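None of the values given here were measured: they were computed from a predicted structure.
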Amino acid sequence: LFGLETASCQAESKIVQFRQPPGCFMTLRQYLTVMVLATLMCWASLILVTRNVDPFQSDWLSLSFFYVSLFFSLLGTLSLLFFLFYRLYQRDLTPLFRQVAKSFRFGFFLSGILITLLYLLSRGWLQMWNMVIFLAALLSFILFLFFHRRAGAVPPPSEDNSPFLV
């Protein structure tokens with residue numbers, strides 16, 4: 001679809017070549033096809049749940065089906081959108097499997113935040129002070145991850161210590 005395959009795991013430049021990581025057997029076209037089909041199935045399941053479940057008279061199992069199907073629908077959609085954004089606007093030498101992992105990670109994180117906010121809103125717990133606490137906890141978590149990586153506890157992936165280099 002974009003002309004590059006993850007099975008070769010090569011950067012756009014011919015200078016830097018990466019070995020195929022273990023378990024990387026899908027081409028980019030196969031990955032995108034599977035993600036689009038799975039996302040469409042998740043949206044179809046969400047539509048099925050919303051048409052057949054009355055939220056005012058349903059039990060916890062029906063509501064959990066709603067939240068899980070919405071989470072996976074958002075996860076697939078946001079992952080594909082983030083990957084498209086990275087492919088179009090980020091022109092560095094990062095390999096495709098890292099762009100896919102990064103877009104999936106951001107999609108998972110944002111989907112979790114949106115589902116949490118929706119759940120709090122449905123319970124009537126999303127007040128201004130709860131929103132401030134939620135945003136403060138979210139900001140603390142992001143800053144922790146940022147400074148934890150900078151402190152050297154988790155070395156950032158580089159070309160020197162990457163197991164995928166030739």
Side-chain angles (χ1 to χ4, degrees), residues 1-9 11 18 20-55 58-92 94-126 130-149 154 156-157 162 164:
L1 186 64
F2 289 104
L4 297 173
E5 297 179 348
T6 57
S8 63
C9 295
F18 293 90
Q20 178 178 350
C24 179
F25 299 110
M26 294 181 81
T27 64
L28 181 62
R29 184 177 311 229
Q30 290 171 341
Y31 169 76
L32 291 176
T33 303
V34 167
M35 279 297 288
V36 165
L37 290 176
T39 302
L40 289 175
M41 288 186 343
C42 288
W43 281 110
S45 71
L46 180 66
I47 291 170
L48 184 71
V49 168
T50 55
R51 288 194 182 264
N52 293 327
V53 172
D54 183 17
S58 61
D59 57 344
W60 64 271
L61 187 62
S62 302
L63 289 177
S64 64
F65 280 140
F66 170 75
Y67 285 115
V68 168
S69 62
L70 181 62
F71 174 77
F72 283 122
S73 301
L74 287 175
L75 175 65
T77 303
L78 292 174
S79 295
L80 288 171
L81 289 176
F82 280 130
F83 180 73
L84 182 66
F85 175 76
Y86 290 143
R87 284 297 296 150
L88 293 178
Y89 296 111
Q90 190 178 20
R91 295 292 180 188
D92 57 352
T94 56
L96 289 176
F97 64 90
R98 289 200 183 161
Q99 289 179 359
V100 165
K102 190 176 181 181
S103 65
F104 189 80
R105 185 172 45 244
F106 281 138
F108 185 83
F109 190 63
L110 190 58
S111 296
I113 290 171
L114 291 174
I115 294 298
T116 303
L117 289 175
L118 184 65
Y119 178 74
L120 291 175
L121 184 67
S122 72
R123 296 301 240 176
W125 296 340
L126 191 61
N130 282 344
M131 187 67 167
V132 169
I133 291 172
F134 183 76
L135 290 176
L138 185 64
L139 181 65
S140 300
F141 180 69
I142 291 172
L143 288 175
F144 170 75
L145 290 179
F146 180 72
F147 287 118
H148 185 66
R149 180 173 284 230
V154 178
S162 175
F164 304 119

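Atom CZ of Phe134 sits in a crowded spot, with more than 12 heavy atoms from other residues, nucleotides or ligands closer than 6.0 Å. The environment of Phe109 atom CZ is dense: over 12 non-hydrogen atoms of other residues, nucleotides or ligands sit within 6.0 angstrom.
Atom-to-atom distance recorded for Leu138:CG and Ile133:CD1 is 13.5 Å, nearest 0.5 angstrom. Rounding to the nearest 0.5 angstrom, the gap separating the CG atom in Leu32 from the OG atom in Ser79 is 11.0 Å. Expressed to the nearest 0.5 Å, how far CG of Leu110 lies from CZ of Phe82 amounts to 5.0 Å. Here the CH2-CG distance, from Trp43 to Leu48, works out to 14.5 Å after rounding to the nearest 0.5 Å. Considering CG of Leu145 and CG of Leu143, their distance stands at 9.0 Å, rounded to 0.5 Å. Note: Leu121 CG to Asn130 CG = 11.5 Å, rounded to the nearest 0.5 Å.
Taking the six-membered ring for Trp and thresholds of 30 and 60 degrees, Phe85 and Tyr89 have ring planes inclined between 30 and 60 degrees apart.
Nearest heavy-atom pair, Thr39 versus Ser73, reported as atom, atom and distance to 0.1 Å: CG2-O, 4.0 Å. Across Tyr86 and Gln99, no two heavy atoms sit closer than the pair CD1-O, 4.0 Å. Closest heavy-atom contact between Leu46 and Ser69: CD1-OG, 3.3 Å. Heavy atoms only, all atoms of each residue included: Gly107 and Leu75 are closest at C-CD1, 3.6 Å. Of all heavy-atom pairs between Gly76 and Met35, the closest is CA-CE, 3.9 Å.
Within the 4.5 Å cutoff, no side-chain heavy atoms of Tyr119 are placed close to those of Leu63. Side chains of Leu70 and Leu74 form a contact here, defined as non-hydrogen atoms less than 4.5 Å apart. With contacts defined as side-chain heavy-atom distances shorter than 4.5 Å, the pair Leu78/Phe106 does not qualify.
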Apply the test side-chain contact (heavy atoms from CB on, under 4.5 Å) to residues Leu118 and Phe71: give CA-CA distance (whole Å), side-chain angles for both, the deciding distance (0.1 Å), then the verdict. CA-CA 11 Å; Leu118 184 65; Phe71 174 77; over 6 Å; no
Test Ser122 against Tyr67 for side-chain contact (heavy atoms from CB on, under 4.5 Å), laying out the working first. CA-CA 11 Å; Ser122 72; Tyr67 285 115; 2.9 Å; yes
side-chain contact (heavy atoms from CB on, under 4.5 Å) for Val53 and Phe66? Distances and angles first, verdict last. CA-CA 9 Å; Val53 172; Phe66 170 75; over 6 Å; no
